[in-house]
Amino acid sequence: MTADQNEAAHNEVDSWIVQKFGGTSIGKYPLNVVENVIKPATRYHQVVVVCSALSVSTKSEGTTNRLLQAYRHCLSTDFERSNLLVQNIRIEHTSAAYDYIKSPILIAELVQEIDQECERVVQLLRATKIIGHGTSYIMDKVISTGERLACFFVSAALRDRGITSETIDFSEIVPSLIQSTMDQSFYHSLSDTMAKRIRRCQATVPVVTGFFGPIDRGLLTQIGRGYTDFCASMISVGLQAQELQVWKEVEGIFTADPSKVPNAKMLPVISSEEASELTFHGSEVIHYAAMRLAMRASVSMRIKNVLNPQAPGTLVVDDWKGLSPSPLTPLSIDCAAVQEPLLYMYDGGPPTPIAITSKDKILLINIRSAERLKAHSFLAGIFSVFDRWNLSIDLICTSEVRVSIALHSEVPLITGDDEDDLQPVRQELKSAIKQLQDYGDVELLHNRTIVSLVGKQVRRALGVTGQMFSTLSENRIKIEMITHGASEISTSCVVQEQEAGRAVALLHAVFFSAHENQPSSALSKSRTDVALTMQGSAGGSRLKYDRGLLAVTG
């Protein structure tokens, strides 16, 4: 069959599923990914797999972060450290080949691919050191090594289990004519280009690098660390996929972080606006731009668990009113099962938030104007300082002579996550703070946390904001900043970091645990170690928190 005939045949099927896998899923659970997720899906759909770089432990020790560190060190005098980082990556991927691949022939082929790829990146780093400076293009070439290695591994694992597979490298997929304009026409053109390349694939499963380029000024600068989500979204749009599945190690999106609130409930459905708000306020859901791209093209999106593939996961929709059942296959959600909680959450029940999230390592900056005149120039000067140092503000409250600003104090921009990588960010903060002192008295409050209620009805829900703040104050949790009204679907406050866990648990008990007998109880529940006990009348009740036990006492 020719390439054109193969593409025409794929077009006739018109039932594509795009499966994006995070680095931890591939690194820790490759057999689950291959045998229990990808292989069953090929029985009913044309499947495209999009891979992130492997991560077998923590994100900070993942392949991408180590490649970023190797690039940074090659620009200094420590090239040996760069080489050591790459060799550790080579050893890690080679070990995975021997651990999970059965065929000696496939193992030999995979090890050879790993060795060649690692040698290529070492030579690139050595050349960069000799030249004495790097570029965004060189950095992208280094980083993209992680996704290529992951694709080699997953493709070999699929072939080892009888599924024909082909690795497709998108690191050079962007045509030079469109690489300088990151707008909707760029996304549309690139989506079509990606889809055409995938349709030419004659293997059963194309395995695609989540890293794509070349992009003007670099992919991390333009898209951010969620570029694999964005790549998967563009592929799903170009193929007009039935569904984009983002596979993680959790059941879906929860009403709170299950590691912090053990009785958090899973949400069967959430709007893209709510999901993006959760992402902004600390939850790792999915790249906001990736969601918007898929929603505009009417591609449904689902968050699923590689350790429990049969669970329906969380469906992300652009407009809940437009939700309709997809064709019933083993991969489809039972829409009737979630109809009742959907109506309760969005239509028939009392307006409440759908989730609570928190973001740690927040620096709160209070600036009081030294002069009470020319308030407009005071505000303009404050904002110009943050713009000059390229610092992103999370929350802000203003009055005529005072500004309170909350921002993440330790966010590596496009470098790795080791201690040295935080120094450029800290230096930018120091420089910004020094300039802010020209506009007035500056107070710095470290180790703060942003706690947010998220939900489409939060802004118009009567009593929610009051209940949130009264709960915190009654339990002696000091609120240092409040933002309400700026966002349609969230209300946030800043508390001390040591009080954040208690604050989230208390608020979750108020807005979720207290409603377990209402229709929202149809949402799946996690195992809980936190008890909620009701005593006395509702009129005189108040919440108490003591060593993990939540109680409402009269």
Side-chain angles (χ1 to χ4, degrees), residues 223-226 229-230 233 244 246 248 250 252-258 260-261 264-296 300-303 313-323 341-342 345-346 351-362 392-397 405-408 411 448-461 464-465 467-469 479 481-495 500 503-504 507-508 510-512 520 523:
I223 302 297
R225 290 298 288 264
D229 290 342
F230 200 83
S233 184
L244 167 58
V246 179
K248 297 177 177 288
V250 293
I253 301 174
F254 285 75
T255 53
D257 185 345
K260 299 177 181 178
V261 183
K265 307 172 183 66
M266 196 197 76
L267 298 166
V269 65
I270 188 172
S271 75
S272 58
E273 290 87 355
E274 290 164 332
S276 64
E277 199 80 7
L278 285 172
T279 300
F280 179 79
H281 288 295
S283 298
E284 293 188 6
V285 181
I286 189 172
H287 196 283
Y288 168 74
M291 278 190 291
R292 296 309 306 154
L293 196 65
M295 296 299 107
R296 288 193 189 99
S300 62
M301 183 179 294
R302 198 183 307 276
I303 314 297
T314 297
L315 181 66
V316 181
V317 295
D318 193 31
D319 182 357
W320 74 272
K321 293 181 180 179
L323 180 65
L342 273 176
M345 291 163 60
Y346 289 105
T352 60
I354 66 157
I356 300 171
T357 188
S358 61
K359 182 186 286 189
D360 295 326
K361 295 183 179 178
I362 295 296
S392 179
I393 297 172
D394 288 80
L395 299 177
I396 185 168
C397 289
I405 294 169
L407 72 159
H408 207 282
V411 182
R448 266 48 182 181
T449 295
I450 296 175
V451 177
S452 303
L453 297 180
V454 176
K456 275 193 170 182
Q457 302 184 78
V458 165
R459 183 173 178 179
R460 68 178 180 85
V464 167
T465 304
Q467 194 170 17
M468 174 184 184
F469 299 138
I479 301 171
M481 181 178 175
I482 297 170
T483 61
H484 177 70
S487 170
E488 292 284 343
I489 56 176
S490 70
T491 293
S492 303
C493 66
V494 176
V495 301
V504 170
L507 293 174
H508 192 273
V510 168
F511 292 107
F512 298 98
S520 60
L523 307 179

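Looking at S358 and D257, their side chains never come closer than 4.5 Å, going by heavy atoms from C-beta outward. With contacts defined as side-chain heavy-atom distances shorter than 4.5 Å, the pair K361/T449 does not qualify. Counting heavy atoms from C-beta on, the side chains of V454 and P353 never come closer than 4.5 Å. Here the side chains of E274 and E277 are not in contact, with every heavy-atom distance at 4.5 Å or above. I286 is not listed as a side-chain neighbour of V316, based on a closest heavy-atom distance of 4.5 Å or more. Looking only at side-chain heavy atoms (C-beta outward), V261 and F512 stay at 4.5 Å or farther from each other. In this structure, the side chains of C397 and T483 come closer than 4.5 Å at one or more pairs of heavy atoms.
The two residues A275 and I270 come nearest to each other via the heavy atoms N-CD1, 3.8 Å. For I356 against H508, the heavy-atom pair with the smallest separation is CD1-N, 3.3 Å. For M468 against F511, the heavy-atom pair with the smallest separation is N-CZ, 4.1 Å. For the pair T314 and L267, the tightest heavy-atom approach, listed with the atom from each and the gap, is OG1-O, 2.6 Å. The two residues L244 and S233 have their closest heavy-atom pair at CD2-CA, 3.8 Å. Shown here for M301 and L315, the closest heavy-atom pair between the two residues is O-CD1, 3.4 Å.
Of the possible donor and acceptor atoms, one in the side chain of T255 sits under 3.5 Å from a partner among the backbone N and O of K265. For the pair H287 (side chain) and I223 (backbone), a donor-acceptor distance under 3.5 Å is present. Without hydrogens or angle criteria, D394 side chain to H408 main chain gives a donor-acceptor distance under 3.5 Å.
Here the CZ atom belonging to R302 is positioned 11.5 Å from the CD1 atom belonging to I253, to the nearest 0.5 angstrom. One distance of note links CG of L278 with CD1 of I489; it measures 8.0 Å at 0.5 Å rounding. Once rounded to the nearest 0.5 Å, the distance linking CD1 of I405 with CD1 of I396 reads 4.5 Å. The CG atom of L395 sits 14.0 Å away from the CZ atom of R448 when rounded to the nearest 0.5 Å. Taken to the nearest 0.5 Å, the CG atom of D229 stands 9.0 Å off from the CE atom of M291. Here the OG atom belonging to S452 is positioned 10.5 Å from the CG atom belonging to L507, to the nearest 0.5 angstrom.
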